[in-house]
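Sending over a structure as structure tokens; questions will come in a sec.
Every chain is numbered from 1 and lettered A, B, ... according to where its sequence line falls, protein lines coming before strand lines.
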Amino acid sequence: MQNNEVYKDINEDLKWAQINKDILKSMENPRKGYWISVAVCLGLIMFAVVAEIHQYQVGMGAANLNWPHMWDLYIATFIFWIGMSHAGTLLSAILHIMNADWRKPIYRFAEAMTTFSLMTAGLFPMIHLGRLWNMYWVLPYLTDRGIWPNFRSPLVWDAFAISTYLTSSALFLFIGMIPDLAICRDNARGWRKKLYTALSLGWRGDDRQWRNFRRTYLIMACFLIPLAVSVHSIVSSDFAMSIMPGWSVTSFPPYFVAGALYSGCAAIITLFILLRYYFRWEEYMTIAILEKTCKLTFAIAMVWTYLNLIEFCSVWYGHSYADKEVLLAKFSGPYAPYFWGMIFCGSVVPFVLAFEKWRRHLPMMMVVSILLNLGMWLERWMIVTPTLSLSYHPIAHDVMWPSWVQWFIVLGSFGWFGLLFLVFVKVFPSVSMYECKEMVLHRRELASKEISPVMANNPGGGAPAPGVANKSPGVEGS
Amino acid sequence: MKKCRILGLFGNFDDAFAAIADFKNHKVDGITVDDVTFLSPIEHPDIDDVLGPRPSVIPKVTLCGAAFGITFGFLFLASAQSNFLIQPQGGKAIVPLPSNIVLTYEMMILFSVIFTVIAFLITTRLFRKRKSLYSEKITLDQVAIEFEVDEKYIDQIKGVFKDNHVVEVREEVQS
Amino acid sequence: MGWSGVGATLVGCDMPSTVTLEEGKEEVVSYLVPEEFVIPGVGVWYASTCQQCPSGCGIHGRVREGRVLKLEGNPESSVNKGRLCQMGQAGLQAHYNPDRISKPQIRRGSSLVDATWEEAYGLIAEKTANISGSKFAWMTGSVSGHQSVLLQAHLESIGSGNHFVHETINNAIWAKVSQDMLGDSNPRIRLDKAQSVLSFGADFLGTWGSPLHFSTEYAKFRTSPRGTLIQVEPNMTLTGANADLWVASKPGTEGALALGIANQLVSKHGLSMSGLPKSVQSLIRGATIDETVTATGVDADRIADIASTLKRRSPSVVLAGASAQGHEHGYQCVAAAMVLNIILGNIGKTIESNGEFAYASMAPISGNTQSLVSFSQAAADKRFDVVFFSGVNPVYTAPKSLGLKESLANIPFKVVFSRFNDETTAMADVVLPLASGEEDWGTHVAPYQAGVGEISIQQPLMEPLSEDTRGFGDILLTLLKKRKESAYEGFADYYAYLRNAFSTIPAEHKNGASDDEFWADVLSAGLIDVGVTEKALKVKVVDFNMPKDMGNSSDMVLAPSARLGFWDGRHANLPWLQEAPDQISKVVWDSWAELHPSTAKKIGVKEGDMVTIASASGEINVKVYIYKGVHPDVVAVPLGQGHDAGFSRYAKDRGVNSLSILDPKVDKMTGELALYSTNVKVTKAAKTDDILVRFGGSETQVGRKLVSTVPADVYERTEGGDNVA
Amino acid sequence: MSLSNLVDDWSRYRKGREEGGYHDYEHMWGMSIDLNKCIGCNACSVACYAENNLAVVGKEKFEKGQGMHWLRIERYWDEPDLGEERTADFQQHGASFLPMMCQQCNAATCEPVCPVAATYHTPDGLNAQVYNRCIGSRYCSNNCPFRLRYFNFWSYYEDSWPAPLEMQLNPDITVRDKGVMEKCTFCVQRIRTVKDKARMEDRKVRDGEVQTACSQTCPTGAIEFGDMLGMYDPETGVAETKVTKMWRKHQVELGKTKQNKQTPDMRGYRVFEFLNTDPCVMYLDRVREV
């Protein structure tokens with residue numbers, strides 16, 4: 001049991017004041033590395049903007065889209081970002097409900113990731129529109145023309161689902177952050193003071209606030225889970241609702257959701273390692289938590305692989321020549337390298353996660369998590385493009401590769417996401433302080449229970465035994 | 001007869017809980033546990049047992065939100081669809097249930113969440129002008145008990161605080 | 001979004017309903033009202049005649065706001081019966097073409113500079129003032145009607161008889177053979193009556209005779225009882241693509257094959273050769289099945305099969321076209337085909353007389369390539385001082401080996417009537433900008449008319465786009481006035497001339513109408529049938545001999561096949577036709593070489609690769625398209641591309657001109673250029689970055705049921721007897 | 001209006017439900033294309049360019065697959081139904097030509113997926129495309145099994161009609177700018193002209209009165225165009241047109257995924273019928289002597 005001693009989720013002797021100090025420190029004067037990464041992100045964004053302006057002016061032809069490749073990387077990347085957004089929900093909502101308290105130190109940035117990747121994903125449907133300037137026609141607003149969007153279209157469902165998801169997850173992120181904002185308020189000065197005063201909405205942590213806070217948080221979590229599932233099911237229906245071979249697959253919704261959670265978890269591992277390294281948060285982002293996350297990722301990876309196989313089988317036994325052709329084209333056609341790349345990254349690489357040794361090896365995990373995300377991105381591309389290249393009508397059989405415009409915009413989206421995230425970590429506490437405190441307290445009590453079984457059947461209300469008392473926070477904290 | 005506010009800061013939960021227990025047991029007559037406002041950096045798991053049951057309306061509001069989301073969502077869609085200037089579907093259902101179910105579902109969640117949040121903001125009395133009686137220690141590592149009572153109880157309350165190793169006591173007389 | 005929804009139900013009450021303009025309501029609902037509810041303007045239709053190829057189809061032009069917008073076939077016309085081909089459709093772009101010449105040009109030094117008509121006419125008058133007739137010549141494309149009359153008059157006025165009429169795409173030898181054997185150069189082909197057609201490279205759906213007319217006939221031919229089409233040619237033409245049986249034959253062996261089939265018919269199916277001269281009879285006897293197989297490479301049972309089909313499915317028609325006549329023994333090949341007709345007894349059944357057009361002076365003069373050869377010779381011999389060109393582009397269509405381009409330098413004064421700055425125009429001393437077919441007056445007599453004598457009217461469909469272009473007739477008239485004022489002073493312009501011509505037309509054609517009414521009727525109908533003088537075909541087989549060695553050289557043969565589209569290259573400047581995929585290869589905006597897979601394998605090229613095609617007279621580099629519709633010993637490079645930069649922005653730097661590398665071989669009997677007899681070597685060339693663009697992602701249906709085919713007998717069983725046309 | 005409109009829509013819907021199908025069509029334009037007659041000469045395609053202001057895109061863009069051929073002639077070399085011939089070393093039976101224009105499906109897959117209802121079914125039974133409503137999401141094209149929808153990837157108008165070519169443009173319909181989906185409309189402007197004329201003269205549209213550019217120009221008359229409402233909905237008492245007769249003769253019916261013919265050998269068929277998009281274009285088998 002030596003290991004378990006070493007790898008604790010969190011060290012219960014951690015002082016509360018220390019927690020505040022460590023986390024708040026992360027929000028202070030950035031170091032050089034920070035500015036460099038900001039510069040990189042801005043650079044990527046700039047390229048993307050140039051590309052988009054060009055495309056806006058000359059038309060979608062600039063993206064090298066053609067007949068029949070009406071969609072390509074834009075939609076693929078859109079799905080990719082939507083997928084990534086699901087991890088935050090997984091960690092903050094699902095694990096919250098399941099009382100897995102190891103989530104507490106890492107769910108905040110995961111949630112931020114959710115919000116930001118949604119903000120990124122939201123850009124793509126607009127970018128890929130032929131007439132961007134009429135984008136708002138997808139929304140049901142009252143016009144004197146008395147026309148509405150076509151509510152039958154999965155694209156409209158997307159608009160609804162994504163706006164709902166964005167609203168909810170943003171609120172969820174904010175509400176969950178209020179107590180921490182109060183902490184920031186009490187420690188900040190200058191403009192930050194004003195900012196946090198405004199944002200913390202006068203939180204003072206009295207029992208009424210806490211009580212309602214807990215309920216609200218729980219309820220929102222409960223709603224966020226089905227929402228997340230529905231959102232990606234709806235995104236999958238963009239394809240599942242069509243009649244195109246390789247798209248109209250019944251198993252797409254679960255397949256997409258699995259893929260979403262998968263890529264999300266991978267992204268969390270990446271950011272986890274980065275934050276841990278950058279902010280020296282070994283105390284909070286512990287190897288033990290990383291391991292748990294990795295195990296979770298591995299499980300999802302296997303689910304994803306399974307659903308993949310299911311899809312292949314159902315196509316194979318479905319006896320629709322077109323579907324089979326598309327599948328075979330993926331296996332052996334011009335897209336084969338990317339397809340097998342996806343299989344490798346998505347179904348082979350995760351087995352690294354199965355080994356404790358590697359799970360605890362940060363650089364390795366870094367590489368793996370990035371590979372996993374690459375795989376997931378390829379997956380989306382392999383869903384969108386081969387079908388277009390090779391559908392029912394042979395006259396339209398064709399292979400087409402994206403132009404620089406598409407690539408720039410795709411890369412730019414990563415820059416955009418990165419920038420948002422970088423701003424976030426400096427303005428908001430990216431680790432939940434109050435929940436770390438809860439975690440510490442909780443672990444401490446568990447520990448104390450181990451010490452004196454008496455406490456077990458003695459609810460916290462009663463007068464505590466002295467031994468326990470001097471273990472309670474105040475003494476050490478003050 | 002002046003109303004008066006008093007706040008006692010405690011070093012740890014146990015002292016505070018002990019104090020609350022005292023009030024429970026009517027150490028000060030006229031003051032019950034219901035007058036206690038308990039401030040803390042985190043929510044202690046046992047807080048409900050200590051303070052006794054205190055209700056929250058939020059779940060009900062959420063329910064209303066959901067109900068509203070469903071009804072309004074569906075009605076909105078249906079009215080929009082049936083008002084379409086030209087029926088674009090050439091004889092297919094005007095109010096297509098499958099897609100409307102999907103969209104209504106989203107609306108339900110959206111409004112539930114929004115209602116919940118609003119309810120939260122209201123019930124927790126946020127947005128209020130901050131009370132003068134507040135210690136930044138509370139967001140750090142100390143817990144506090146606050147009363148808003150008649151002047152005459154102040155001393156007794158202080159007494160109880162003292163018995164339970166209070167760290168600091170603040171009071172304020174309202175004009 | 002919520003509020004808008006509320007609005008929808010509450011505020012919605014005064015929203016416009018699904019009303020549209022023509023329902024007389026005021027509110028126009030934009031944004032959901034599609035094209036459907038735009039109120040179309042009312043077009044006016046005028047009849048005219050298509051100028052895109054010599055066939056002389058009647059057209060209707062839709063005119064709005066003084067612009068002609070669309071051409072359709074004229075249902076009145078016996079030639080095209082209301083139909084129109086892609087070239088005809090694209091006539092609009094020849095008219096509205098951005099590269100049209102809008103001003104007369106006169107050569108100053110090395111370059112052509114804009115000038116006024118007075119200068120141009122002045123110069124012409126000066127040069128032709130006292131020129132001896134033998135020093136003057138006209139070179140035109142096929143010409144007919146009153147333009148022809150004026151043109152002849154102009155020649156007379158100069159006292160010259162030199163009129164070279166040149167068309168690269170012609171069936172001159174067929175005409176000659178028919179003339180010799182049937183006494184009618186232009187017999188009527190009754191596809192509608194025929195039960196089977198054996199065509200030796202006669203692309204009657206694309207380029208042979210009157211394509212559009214034969215297409216309409218073909219529709220009848222194909223309706224039950226459905227005729228069988230057998231096409232024998234070195235590379236697939238549009239007709240071949242529609243054949244029930246397509247047979248690849250080495251160019252030059254068509255005649256041998258025809259004789260072989262004749263032999264079969266006589267020996268196996270007991271048809272008589274009586275009436276044929278001894279020499280021909282012996283020819284046929286000599287063409288035993290083995291002989292034929294060795295000569296043609298077509299296998300025996302196939303030949304037998306063709307013979308029996310022709311016998312079984314009689315009456316039949318045997319036709320011969322470009323690839324059969326394009327040899328030094330082209331006449332014999334066509335003659336052999338005609339002999340088949342005679343043996344099969346088609347004369348009088350499916351081959352009738354078209355009758356004689358009533359007005360000889362207006363009768364169509366069809367072009368040929370012999371004129372091109374003789375003209376180049378004459379030019380080389382410095383026989384001409386002044387030559388007028390119109391409707392031809394000999395510098396493009398003449399093989400380099402004829403040296404025409406060089407010898408044109410020997411002609412001191414070249415006047416070119418032209419719409420575009422094509423290769424010949426570029427060498428002119430005076431360029432006279434012609435009005436387009438949609439701006440000009442004229443009368444035309446279609447070279448092929450099914451037993452009627454129609455004069456088709458060409459009337460302007462709109463005002464000229466440029467005030468400095470003139471109609472062909474107008475220019476001729478002016479030139480004539482300059483020579484003998486007296487005869488033509490009565491006519492202000494060509495319109496007046498035509499008007500007058502029609503008022504002097506014999507009364508029986510006017511059937512009682514007053515002069516003006518009659519003219520109005522003619523204009524609205526677009527044509528008038530002046531009838532033909534009946535005449536019967538007199539079969540008289542001339543004896544001919546078939547050379548034994550029919551170009552069986554080890555080299556490959558170049559097939560400069562023509563297409564309904566670019567025609568002889570004159571339409572390469574029309575973007576619609578450039579972008580319309582070639583019917584066979586589906587190539588766009590380019591030219592290509594067709595190779596048989598086995599040949600391609602031998603040379604080691606795949607689709608899109610560059611090959612060098614070298615003949616004794618030059619070489620071209622062109623990308624290859626590989627398919628099974630071409631004989632392994634043949635490389636086919638369809639005509640059309642490879643124009644000089646000046647011609648058109650659309651034809652600029654596109655492909656090659658396969659005519660340019662032809663050897664100067666001619667048919668011994670008629671002097672026609674032997675287009676299909678040039679031996680070439682085909683070798684792999686360095687790949688270029690410019691790629692072969694083809695339409696379509698697949699050459700096959702990969703298991704889909706897109707085009708399904710049923711056997712003819714099934715068709716007869718189910719739909720026999722009725723004609724849903 | 002909204003209320004009355006609601007009621008109208010609803011009653012129409014109910015009616016449709018009771019009578020099994022949509023029954024408020026004024027017309028049901030359809031085609032029959034005889035591949036026995038089609039010679040693949042391109043006339044229809046070029047006529048379409050002329051009639052519908054189709055942009056010429058040039059070699060480079062055509063190579064990219066950005067051509068705008070609403071009516072395309074497909075040419076296939078194989079003959080699945082005469083399998084053994086495929087092994088021959090010559091193209092013995094010539095080519096198989098297939099003119100493909102928008103099939104105007106009655107259960108069009110492009111319609112439900114358009115987010116802004118820019119494509120929808122008109123009372124004429126046409127599958128309409130509203131250019132000025134289209135936002136270019138291109139989902140319709142992705143969902144068209146025939147790949148018959150073409151997108152304006154560029155502002156073609158800028159260089160497709162150098163003066164004076166632009167004078168040829170048909171004023172009855174628009175020139176589409178970039179970002180808009182377009183497709184064959186069955187020459188809807190011609191249909192409108194005739195319908196308006198008929199309305200003026202207070203009569204029904206006669207059979208053969210409307211001719212699409214392609215059917216009018218087709219040299220062999222392979223393309224038949226006409227109103228099939230009489231077949232789709234006999235109660236309307238619309239007379240049998242040539243096209244309807246063709247469909248009946250070849251025992252092809254609208255609204256079927258699989259035709260059960262008394263004479264299975266009749267040539268009529270619809271492309272991808274099994275997808276149940278219910279196209280209004282019937283093809284007749286190509287015929288060959290074998």
Side-chain angles (χ1 to χ4, degrees), chain C residues 12-13 15 17 22 31-32 34-36 40-41 67 69-70 72 83-86 89-90 92 96 98 205 212 215-216 218-219 222 228 238 240-246 248 465 564 575-576 579-580 583 586 588-589 628-629 693 696 699-701 706-712 714-715 718 725, chain D residues 1-2 5 35-37 39-43 45-47 49-51 56 59 62-63 75-82 90-92 94-96 98 122 128 130 132-133 162 164-165 167-168 170-173 188-189 192-193 196 216-217 219-221 263 265-266 271 285-290:
Chain C
C13 303
M15 281 195 298
S17 80
E22 81 281 356
Y31 282 76
L32 198 63
E35 296 286 303
E36 276 67 3
R67 298 180 286 135
L69 301 173
K70 182 79 165 66
E72 302 290 357
R83 307 305 185 168
L84 204 55
C85 71
Q86 61 170 339
Q89 291 287 354
L92 289 173
Y96 288 117
L205 295 178
L212 209 40
S215 300
T216 56
Y218 172 85
R222 283 304 203 188
T228 309
L238 188 54
N242 289 285
D244 292 288
L245 177 60
W246 185 83
L465 290 163
L564 179 72
W576 285 343
E579 188 136 317
Q583 294 100 336
K586 291 296 166 188
V588 292
W589 293 99
K628 290 179 174 178
V693 179
E699 294 279 274
T700 66
Q701 308 178 36
L706 296 167
V707 185
S708 70
T709 309
V710 298
V714 173
Y715 170 76
T718 53
Chain D
M1 148 261 150
S2 66
N5 191 22
L35 299 181
N36 175 33
K37 289 189 188 154
I39 57 172
C41 67
N42 271 349
S45 184
V46 175
Y49 270 76
E51 175 73 21
V56 170
K59 186 179 182 182
F62 197 101
E63 187 270 328
R75 193 262 302 111
Y76 299 108
W77 287 130
D78 65 334
E79 297 156 311
D81 313 82
L82 314 173
F90 288 115
Q91 206 61 46
Q92 296 182 16
S96 306
L98 180 70
T122 66
V130 192
N132 54 5
R133 173 66 170 170
L165 266 180
M167 290 175 76
Q168 181 272 332
N170 185 351
D172 293 342
I173 53 173
V188 72
Q189 64 279 13
R192 292 306 304 178
T193 322
D196 293 353
Q216 183 168 8
T217 203
T220 56
T263 359
D265 282 339
M266 284 319 249
V271 178
D285 291 341
R286 161 176 178 268
V287 183
R288 282 294 185 267
E289 196 92 27
V290 287

Side-chain donor or acceptor of D:Asn170 paired with backbone N/O of C:Leu69 under 3.5 Å: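 No, the answer is negative, given that no donor and acceptor are paired below the 3.5 Å cut-off.
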Nearest heavy-atom neighbours spanning D:Ala47 and C:Lys70: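 Scanning both residues completely, I find the closest heavy atoms to be O-CE, 3.5 Å.
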Rounded distance [0.5 Å steps], OG1 in C:Thr718 versus CG in D:Asp265: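 Reported value, rounded in 0.5 Å steps: 6.5 Å.
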Donor-acceptor under 3.5 Å (D:Glu289 side chain, C:Ala712 main chain):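 Not at all, since once roles are kept as given, no pair shorter than 3.5 Å links the two residues.
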Non-hydrogen atoms of D:Lys37 and C:Tyr218 that approach each other most closely: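 Minimum heavy-atom separation between D:Lys37 and C:Tyr218: O-CE2, 3.9 Å.
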Contact leader toward chain C among D:Gln91, D:Glu51, D:Lys59, where contacts are heavy-atom pairs under 4.5 Å: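 Result: the option with the highest number of such pairs is D:Lys59.
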Most chain D-contacting option - heavy-atom pairs closer than 4.5 Å, from C:Pro711, C:Ala241, C:Ala248: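 Most heavy-atom pairs within the cutoff with chain D belong to C:Ala241.
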Proximal component of C:Arg222, with respect to chain D [non-hydrogen, under 4.5 Å]: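 For C:Arg222, backbone and side chain are both near chain D.
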N/O donor-acceptor pair under 3.5 Å between D:Gln92 side chain and C:Leu245 backbone: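 Checking the backbone N and O of C:Leu245 against the side chain of D:Gln92, no donor-acceptor pair under 3.5 Å is found.
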Nearest atoms (heavy-atom pairs only) where C:Ser215 meets D:Pro219: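 Scanning both residues, the minimum pair turns out to be CB-CB, 3.7 Å.
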Where D:Val56 and C:Trp589 come nearest, the two heavy atoms and their spacing: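 Minimum heavy-atom contact is CG1-CZ2, 3.5 Å.
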From D:Arg75 atom CZ to C:Lys586 atom NZ, the distance as rounded to the nearest 0.5 Å: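 Rounded to the nearest 0.5 Å, the CZ-NZ separation comes out at 6.5 Å.
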Side chain / backbone / both / neither for C:Leu465 at chain D, heavy atoms under 4.5 Å: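 It is the side chain, since no backbone atom gets that close.
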Reported OG1-to-CG distance for the pair D:Thr217 and C:Leu212, which is rounded to 0.5 angstrom: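 Result: 7.5 Å between the selected atoms.
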Part of C:Ala580 lying under 4.5 Å from any heavy atom of chain D: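 Interface part for C:Ala580: both.
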Non-hydrogen side-chain atoms of D:Cys41 and C:Leu238 separated by less than 4.5 Å: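 Side chain of D:Cys41 against side chain of C:Leu238, heavy atoms only: contact under 4.5 Å found.
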Best-contacting candidate, C:Ala243, C:Gly240, C:Ala219, C:Gly696, against chain D by heavy atom pairs under 4.5 angstrom: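 Most heavy-atom pairs under 4.5 Å with chain D: C:Ala243.
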Choice from D:Asn36, D:Leu35, D:Val287 maximising heavy atom contacts with chain C below 4.5 Å: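 Most pairs with chain C among the choices: D:Val287.
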Residue selection (most heavy-atom pairs with chain C, distance under 4.5 Å) from D:Leu98, D:Thr263, D:Leu165: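 The residue among D:Leu98, D:Thr263, D:Leu165 with the greatest pair count is D:Leu165.
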Under 4.5 Å from a heavy atom of chain D, the part of C:Val710 involved: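 Both parts, backbone and side chain.
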Heavy-atom closest contact (D:Tyr49 atom, C:Glu579 atom, distance):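 That would be OH-OE2, 3.7 Å.
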Side chain, backbone, both or neither of D:Ser45 within contact of chain C (heavy atoms, under 4.5 Å):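 Neither part, no heavy atoms under 4.5 Å.
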Any side-chain heavy-atom pair of D:Asn42 and C:Trp576 under 4.5 Å: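 No; the side chains remain at least 4.5 Å from each other.
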Any donor-acceptor N/O pair, C:Arg83 side chain to D:Gln216 backbone, under 3.5 Å: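 Yes, because the side chain of C:Arg83 sits within donor-acceptor range (under 3.5 Å) of the backbone of D:Gln216.
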Gap separating the CZ atom of D:Arg286 from the CG atom of C:Asn242, nearest 0.5 angstrom: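 That separation rounds to 8.5 Å.
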Taking every non-hydrogen atom, the tightest pair across D:Val46 and C:Ala90: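 Of all heavy-atom pairs spanning D:Val46 and C:Ala90, the closest is CG1-N, 4.3 Å.
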